[in-house]
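Only one structure is covered here, and it is reproduced in the block below.
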Amino acid sequence: LQEKHRILHKLLQNGNS
Amino acid sequence: SGLESPTCSGMEIELLAQDVLRSHRETSQPRAEELQQRRWDTFSREEVCAYQRKPMQEMWERCAGRLTEAIQHVVEFAKRLRGFMELCQNDQIVLLKAGAMEVVLVRMCRAFNPDNRTVLFEGKYAGTELFRSLGCHELVGSIFDFAQSLCALRLSESEVAFLCAIVLINANRPWLQEQAKVARLRGRLEVAFRLLLRRTHREGLLARLPPAGRLRALCSQHVEQLQAFRRLHPGALPAAFPPLYRELFA
């Protein structure tokens with residue numbers, strides 16, 4: 001699922017605010 | 001009070017409630033006061049005509065762009081929500097993939113003026129007619145009807161915040177790996193929401209909320225219209241639509 005949703009995955013990874 | 005579940009303390013619920021409100025406040029643009037000030041700032045007749053003359057593809061690109069910006073704010077809302085980042089990555093993605101658009105639709109009621117049936121779009125308030133060149137009058141009308149029905153409930157910012165959290169944290173989404181963990185978080189959110197409603201004497205609100213199926217239907221309608229648009233404009237999507245929009249809906 002992470003592979004198919006790379007942008008969403010990246011947004012979630014960017015700074016665990 | 002009988003409200004607390006046996007697995008979480010009153011303090012935990014209190015912290016969760018504060019967290020939902022803070023997450024909502026930090027990720028909702030524009031702020032409520034600004035929306036209130038601008039709610040009569042509508043597009044002029046000439047501006048509406050200019051939008052109506054835009055090619056269908058350009059109007060789709062614009063709407064996809066605005067929707068994607070709103071979804072990015074929803075992702076930030078989710079990340080700030082206590083417990084969300086403790087879910088496994090698969091489930092974070094499942095919940096956002098299924099729920100981000102639904103949360104955007106709930107949030108839209110903040111930027112909707114029910115008195116003249118307009119919504120904030122690219123800086124001013126617009127009626128359904130501005131979106132004519134999209135070629136999906138029924139979808140636009142249904143989205144406006146939904147916003148109108150939420151506005152009729154006169155939701156406070158806190159209520160919108162909880163509604164968004166509850167729409168997002170849904171243990172019934174297909175493909176969740178840790179369904180029980182999502183269900184526990186959802187349960188705590190419901191307890192906190194009920195506590196807020198009891199304190200503000202708004203318990204009756206729960207029975208008046210639109211059924212979850214209505215949001216689901218709007219999201220399906222959006223994907224169907226996108227498919228119809230793609231049939232009309234093959235090749236348009238990869239070129240000009242935001243990558244996040246393509247990832248979520250195409």
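Proteins come first, then strands; the chains are lettered A, B, ... in the order of their sequence lines, and each starts at number 1.
The two residues A/I7 and B/L244 have their closest heavy-atom pair at CD1-N, 3.7 Å. Residues A/L12 and B/M85 come closest through the heavy atom pair O-CE, 3.3 Å. Minimum heavy-atom separation, B/K79 to A/N14: NZ-O, 2.6 Å.
B/E247 places a side-chain N or O within donor-acceptor distance of the main-chain N or O of A/R6, the cut-off being under 3.5 Å.
Separation of atoms CD1 (B/I93) and CG (A/L8) is listed at 5.5 Å; rounding is to 0.5 Å. For the atom pair NE2 of A/H5 and CD of B/Q92, the computed distance is 13.5 Å after rounding to the nearest 0.5 Å.
With a threshold of 4.5 angstrom between heavy atoms, B/I71 does not approach chain A through any atom at all. Interface remark: A/K10 contributes no atoms to any contact with chain B (heavy atom separation under 4.5 Å).
Side chains of A/L11 and B/L96 form no contact here, defined as non-hydrogen atoms less than 4.5 Å apart.
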